[in-house]
Trainee: 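Mind looking over this structure? Questions follow.
Treat the numbers as computed from the prediction; the structure is a model and nothing was measured. Numbered from 1 within each chain, the chains take letters A, B, ... in sequence-line order.
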Number of protein chains: 2
Amino acid sequence: MSPLAADQAVQLAEMFRIMGDVSRLRIILSCLDEELAVGDIAARLDLSPSLVSHHLRLLRAARILRADRRGKHVFYAAADDHIRCVIEDMVAHVREPAAEDEQ
Amino acid sequence: MSPLAADQAVQLAEMFRIMGDVSRLRIILSCLDEELAVGDIAARLDLSPSLVSHHLRLLRAARILRADRRGKHVFYAAADDHIRCVIEDMVAHVREPAAEDEQ
DNA sequence: CGTTTATATGAATAGATGTTCATTTGTTAG
DNA sequence: CTAACAAATGAACATCTATTCATATAAACG
């Protein structure tokens, strides 16, 4: 539909870039279906809370995750459904069997 | 549905990483709806043929684009529809207005 | 108040990555 | 065959980025 202007490409690439890191993608996946505190994410993924916090800042800025402070804890969850769709489509892609003409 | 095993996360992140570069994403966008030769891509995007070729190798390996040699030219096009969906969803995400509680 | 727990931030660094340039391979034409 | 064009490849480099460590802010509790 829309022509996908050049500046949109920059914005899009930025989004993909943020999701293109294994640690960050794992964080996203962890928060897709449940709200999790920073410490819980760190424990589950075996990452330092500091590192998780650094990544969460990017994910928040990209509006991939949203933060919700409750007392000492800050809970993170998926911001909207688009990211879920993006991931589902990408899963479908990687699961696609390699074309037979590939060499 | 599926549990998204840890190794799948690595594969997924790799895909996003490849799409997370502006030059590469522009190449993908150029080849979404039409077949293009390497030189044409380079000319359209104002990139060196060498650089385009480097990127195309990654895009081929990730099965995002497929190559088709015809004489001296090698034409590239989107390998399947999943990437189209991924991009559409991501466009929808970046177009989503920022939540009002954001600060 | 001070202490403890949870999260965020800043600087420093080691490793990854995009780009350029030079060269090579592949294909067609004369 | 040689020449010309198209694409691919390899090395070198400058830049970026993920991670670590130390420190700071925030909140609850004694």
Side-chain angles (χ1 to χ4, degrees), chain A residues 6 9-31 34-77 102-103, chain B residues 6 9-31 35-77 101-103:
Chain A
V10 176
Q11 235 185 320
L12 275 187
E14 171 74 3
M15 291 296 307
F16 286 124
R17 191 186 64 79
I18 290 179
M19 299 183 69
D21 175 78
V22 191
S23 299
R24 272 193 301 264
L25 185 61
R26 286 215 183 99
I27 293 176
I28 297 173
L29 294 173
S30 302
C31 296
E34 52 181 335
E35 234 179 8
L36 284 179
V38 180
D40 295 336
I41 301 174
R44 285 200 191 192
L45 305 182
D46 195 34
L47 301 173
S48 77
S50 172
L51 178 56
V52 172
S53 191
H54 276 295
H55 285 317
L56 285 173
R57 186 154 61 97
L58 292 179
L59 295 171
R60 239 186 301 129
R63 291 166 34 237
I64 294 177
L65 300 183
R66 61 177 160 73
D68 182 19
R69 172 147 233 158
R70 258 175 265 148
K72 276 191 287 191
H73 298 262
V74 178
F75 294 90
Y76 284 84
E102 289 284 2
Q103 170 63 313
Chain B
V10 177
Q11 238 184 316
L12 276 188
E14 171 75 3
M15 292 295 307
F16 286 124
R17 190 185 64 79
I18 290 179
M19 299 184 69
D21 174 77
V22 191
S23 299
R24 272 193 302 265
L25 185 60
R26 286 216 183 99
I27 293 176
I28 297 173
L29 294 173
S30 302
C31 297
E35 234 180 8
L36 283 180
V38 180
D40 296 336
I41 301 174
R44 284 200 191 192
L45 306 181
D46 194 34
L47 302 172
S48 77
S50 171
L51 177 57
V52 172
S53 191
H54 275 296
H55 285 317
L56 285 173
R57 186 154 61 99
L58 293 179
L59 295 171
R60 240 188 299 129
R63 292 167 34 239
I64 294 176
L65 299 183
R66 63 178 159 73
D68 182 19
R69 171 145 234 159
R70 258 177 264 148
K72 277 191 286 194
H73 298 262
V74 179
F75 294 90
Y76 284 84
D101 56 343
E102 287 284 1
Q103 170 65 313

Trainee: Within the structure provided, determine whether B:Arg26 and B:Asp21 are in side-chain contact (heavy-atom separation under 4.5 Å).
Mentor: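 The answer is no, as the side chains (C-beta and beyond) never meet within the 4.5 Å cut-off.
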Trainee: Distance check needed: C:dT19 C1' versus B:Arg57 CZ, whole Å only.
Mentor: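 That distance rounds to 14 Å.
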Trainee: Whole angstroms only, please: what is the CD-P distance between B:Glu14 and C:dA16?
Mentor: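 Rounded to the whole Å, the gap is 13 Å.
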Trainee: Under the side-chain hydrogen bond (donor to acceptor under 3.5 Å, both in side chains) rule, what pairs show up with a residue in residues 47-58 of chain A, not counting sequence neighbours?
Mentor: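 Sorted pair list: A:Arg24-A:His55.
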Trainee: Ion pair present between B:Asp68 and B:Arg70, side-chain N to carboxylate O less than 4.0 angstrom?
Mentor: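 Salt bridge: yes.
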Trainee: List, with names and distances, any nitrogen or oxygen atoms from the protein found under 3.5 Å away from nitrogen or oxygen atoms belonging to nucleotides 11-18 of chain D.
Mentor:
unit_1 : atom_1 : unit_2  : atom_2 : d
D:dA18 : OP1    : A:Arg24 : NH2    : 2.8
D:dA18 : OP2    : A:Arg24 : NH1    : 3.3

Trainee: Give the rounded distance in Å between these two atoms: CG of A:Leu56 and C1' of D:dT19.
Mentor: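 Value for this atom pair: 15 Å.
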Trainee: For the residue pair B:Ala13 and A:Leu25, what are the closest heavy atoms and their distance?
Mentor: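 That closest heavy-atom pairing would be N-CD2, 3.3 Å.
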Trainee: Set out, line by line, the N/O atom pairs under 3.5 Å between protein and nucleotides 22-30 of chain C.
Mentor:
none

Trainee: Please round to the nearest 0.5 Å and tell me the distance separating atom CG of B:Asp40 and atom OG of B:Ser30.
Mentor: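 Separation between the atoms: 10.5 Å.
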Trainee: Rounded to whole angstroms, how far apart are CD on B:Glu35 and P on D:dA7?
Mentor: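 So the two atoms are 12 Å apart, to the nearest Å.
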Trainee: Taking side chain as C-beta onward, heavy atoms only, is A:Arg17 less than 4.5 Å from A:Glu14?
Mentor: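 Contact flag for A:Arg17/A:Glu14 side chains = yes.
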Trainee: In whole angstrom, what separates B:Ile18's CD1 from C:dA16's C1'?
Mentor: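 Taking CD1 of B:Ile18 and C1' of C:dA16, I get 14 Å after rounding.
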Trainee: Please identify each residue that fulfils side-chain contact (heavy atoms from CB on, under 4.5 Å) with A:Leu47, with sequence neighbours left out.
Mentor: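 Testing A:Leu47 for side-chain contact (heavy atoms from CB on, under 4.5 Å), a comparison that skips the adjacent residues, returns A:Ser23, A:Leu45, A:Leu51, A:Val52.
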Trainee: Could you check how far CZ of A:Phe75 sits from P of C:dA8, rounded to whole Å?
Mentor: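 Roughly 12 Å, once rounded to whole Å.
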Trainee: Closer than 4.0 Å, any side-chain N/O of B:Ser53 to the OP1 or OP2 of D:dA8?
Mentor: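 Yes, because at least one side-chain N or O of B:Ser53 sits under 4.0 Å from OP1 or OP2 of D:dA8.
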Trainee: I need the residues from residues 36-43 of chain A with at least one non-hydrogen atom less than 4.0 Å from DNA chain C; give them sorted by number, or say none.
Mentor: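 Output list: A:Ala37, A:Val38, A:Gly39.
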Trainee: Grab the two heavy atoms, one from A:Tyr76 and one from A:Ala67, that are nearest each other, plus how far apart they are.
Mentor: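 Shortest heavy-atom separation between A:Tyr76 and A:Ala67 comes out as CE2-CB, 3.5 Å.
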Trainee: Could you tell me which residues satisfy salt bridge (Lys or Arg N to Asp or Glu O under 4.0 Å) with B:Arg69, sequence neighbours excluded, listed by chain and number?
Mentor: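 B:Arg69 satisfies salt bridge (Lys or Arg N to Asp or Glu O under 4.0 Å) with no residue once adjacent residues are dropped.
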Trainee: Let me spell it out: for each of A:Leu47 and B:Val74, pick the nucleotide of DNA chain D with the closest heavy atom. Which residue's pick is nearer the 5' end?
Mentor: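 Nearest-nucleotide comparison on DNA chain D picks B:Val74.
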Trainee: Can you check whether B:Met19 reaches A:Met15 side chain to side chain, under 4.5 Å on heavy atoms?
Mentor: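 With C-beta onward as the side chain, the pair stays apart.
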Trainee: Report yes if a side-chain nitrogen or oxygen of B:Tyr76 is closer than 4.0 Å to either non-bridging phosphate oxygen (OP1 or OP2) of D:dA6; otherwise report no.
Mentor: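 For D:dA6, neither OP1 nor OP2 has a side-chain N or O of B:Tyr76 closer than 4.0 Å.
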Trainee: Can you find a heavy atom in the side chain of A:Leu65 that is under 4.5 Å from one in the side chain of A:Ile27?
Mentor: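 Yes; the side chains approach each other to less than 4.5 Å.
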Trainee: C:dG18 P sits how many Å from B:Met19 CE, rounded?
Mentor: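 It is 14 Å, rounded to the nearest whole Å.
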